[in-house]
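Report on one structure; see the data block that follows.
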2 protein chains.
Amino acid sequence: MATKYQGNSEEKRALDLFIKLMRTHDSLENKLRHEFRDFKLTPPQFGILETLYHLGPLQQHVLASKLLKSAGNITRVLDGMQESGLIERRAEPGDRRSFRIHLTPKGKKTIEKIFPDFVAGIRTLFGALAAGEQEQLNQLLRKLGTHIRHSYKE
Amino acid sequence: MATKYQGNSEEKRALDLFIKLMRTHDSLENKLRHEFRDFKLTPPQFGILETLYHLGPLQQHVLASKLLKSAGNITRVLDGMQESGLIERRAEPGDRRSFRIHLTPKGKKTIEKIFPDFVAGIRTLFGALAAGEQEQLNQLLRKLGTHIRHSYKE
DNA sequence: TATTGTTATACTCTATAACTATA
DNA sequence: TATAGTTATAGAGTATAACAATA
C-alpha cells in the first residue's frame with residue numbers, strides 16, 4: 001500500500017492496520033448514516049440513544065466520558081435531541097449542579113423501533129466473519145482500545 | 001455490555017464488536033486531532049495529504065472513492081487545503097472536465113515533517129499487540145471491510 | 001479548589017440535489 | 001447518456017475557553 005515512506009517493517013504494519021481500521025469505521029458509519037436518516041437520527045444521536053437505552057439514565061459527564069466526546073459537544077447534541085423530544089434533563093437529587101438524562105417515551109419508542117433492524121443489519125455485516133473470528137477480533141480490539149485510551153489522558 | 005436488548009447470541013456478539021470498533025476508532029481520532037492541531041490540520045485533511053503523498057497526484061473522484069466520501073465533501077475540503085497552500089489543482093491532460101490534485105511544496109513539506117512522528121506514534125499504539133496479533137487483526141479487518149463495502153453500493 | 005454543565009466562538013465536516021461543462 | 005466537479009442548501013459535529021453554580 002504505502003510505498004513512499006521508508007519506515008521499518010513494524011511501522012509499515014502498524015500504518016497499514018491503522019488505515020484499515022479507519023476505513024472499516026467509515027464504511028460502517030456511511031451505512032448507518034443512511035439507515036438512520038429515515039428516522040431523522042444522526043450517528044452521534046443514535047449513540048446517545050443506544051447508550052441510555054442500555055445503561056439507563058446517566059449524567060452528562062458520564063455520557064461524555066463513555067462516548068469519548070467533550071462536555072460542550074454532549075450539551076449541544078442533547079439540546080438537539082431535547083428539542084425533538086427524544087430525551088429530557090431531570091434534576092439530579094443530591095447534586096444541584098447536575099442533570100440526569102432520561103429517554104422520553106418517544107425516545108424509548110424510537111430506539112425500540114430502530115434497534116432490532118439495526119442489530120440484524122450489524123449481524124449480517126459481521127457475518128463475514130465466523131464466530132471464532134469474531135471472538136478474536138473482539139479480543140484484539142479490546143486489547144488495543146484499552147491501550148490507546150490509557151496511553152493518553154483523553 | 002448490553003443487557004436490555006434480548007437479541008440472540010450472534011446479535012449480541014456482533015453488537016459488542018460494533019461498539020468496540022467504533023470506540024477504538026474514536027480513541028484514535030481523538031489522539032490524531034490533538035496531534036495535528038499544531039499543524040493546523042484536521043483528520044480529513046491529513047487523510048488527503050497522506051493519500052496524495054503515498055499514491056501521487058490523483059483526480060478528485062478517485063480521492064472521493066478511496067476516502068469513502070462524497071464528491072461535494074472532497075471539493076470543500078480541497079478548497080480549504082488549497083487556500084492554505086497545501087494542494088493545487090492542475091488541469092488533467094485529455095479530460096477537460098477534470099483536475100489532478102497535486103501536493104504543493106508546502107504540502108509535501110508538511111506531510112514529510114509530520115509523518116515520521118505520526119507513524120512512530122501509531123506504531124507505539126499498536127505495539128499493544130504482538131506482531132502475530134497485528135497480522136490477525138489485519139486479516140480480520142480486511143475481510144470485514146471488504147464485505148461491508150460490497151454489501152452496499154456506496 | 002475542583003467539578004458540572006452552559007455559552008460563546010469559530011470552524012470543519014457531511015450529504016444531497018441541482019447545475020455546468022465535457023465526454 | 002454518463003461522468004467530473006462545483007455550488008447551493010442545510011445542518012450537524014467538534015473543540016476550546018470563559019463562565020456560573022455548586023460541591
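- Considering only side-chain N and O atoms, B:Gln60 lies under 4.0 angstrom from the phosphate OP1 or OP2 of D:dT6.
- One cannot find a donor-acceptor pair under 3.5 Å joining the base of D:dT22 and the side-chain atoms of A:Arg96.
- Among the nucleotides D:dG5, D:dA15, C:dT14, the one closest to any side-chain atom of B:Asn73 is C:dT14.
- Salt-bridge formation is not detected for the pair A:Arg97/A:Glu92: no Lys NZ or Arg NE/NH1/NH2 atom is positioned less than 4.0 Å from an Asp or Glu carboxylate oxygen.
- Ring geometry, A:Phe115 versus A:Phe46: the interplanar angle falls under 30°, so the pair is classed parallel (tilted spans 30 to 60°).
- Using a 4.0 Å cut-off between charged side-chain N and carboxylate O, A:Glu88 and A:Arg90 make a salt bridge.
- A perpendicular orientation is assigned to the rings of B:Phe18 and A:Phe118, their planes being inclined by more than 60° (bins at 30° and 60°).
- Contact annotation for B:Ser98: backbone-only contact, meaning every heavy-atom pair under 4.0 Å involves sugar-phosphate atoms and none involves a base.
- Listed pair A:Arg100 / C:dG5 fails the phosphate criterion, with no side-chain N or O lying under 4.0 Å from OP1 or OP2.
- Under 4.0 angstrom from either OP1 or OP2 of C:dG5 there lies at least one side-chain N or O belonging to A:His61.
- Using a 4.0 Å heavy-atom distance criterion, B:Glu92 is classed as making no nucleic acid contact.
- Residue whose closest nucleotide on DNA chain D sits further toward the 5' end, between A:Thr42 and B:Arg89: B:Arg89.
- One can place CG of B:Leu32 at 18 Å from P of C:dT12, the figure rounded to the nearest angstrom.
- Contacts of B:Asp95 with the nucleic acid, taken as non-hydrogen atoms under 4.0 Å apart, involve only primed sugar atoms and P, OP1 or OP2.
- With hydrogens and angles ignored, a donor-acceptor pair closer than 3.5 Å exists between the side chain of A:Arg76 and the base of D:dT14.
- Base engagement by B:Ser70 is indicated by at least one non-hydrogen atom pair under 4.0 Å involving a base atom.
- The closest side-chain donor-acceptor pair between A:Arg89 and A:Gln60 falls under 3.5 angstrom.
- Where A:Leu78 and A:Arg37 meet DNA chain C, the nucleotide closest to each residue was compared, and A:Leu78 sits on the side nearer the 5' end.
- Between B:Lys69 and C:dT14, a side-chain N or O to OP1/OP2 separation shorter than 4.0 Å is present.
- For A:Arg97, whose side chain is taken as the heavy atoms from C-beta onward, the closest listed nucleotide among C:dA21, D:dT14, D:dA21 is D:dA21.
- Between C:dG5 and A:Thr75, no contact under 4.0 Å exists linking OP1 or OP2 to a side-chain N or O.
- Remark on DNA chain D: of its neighbouring residues A:Gly94 and A:Ala71, the 5'-side contact belongs to A:Ala71, judged by nearest-heavy-atom nucleotide.
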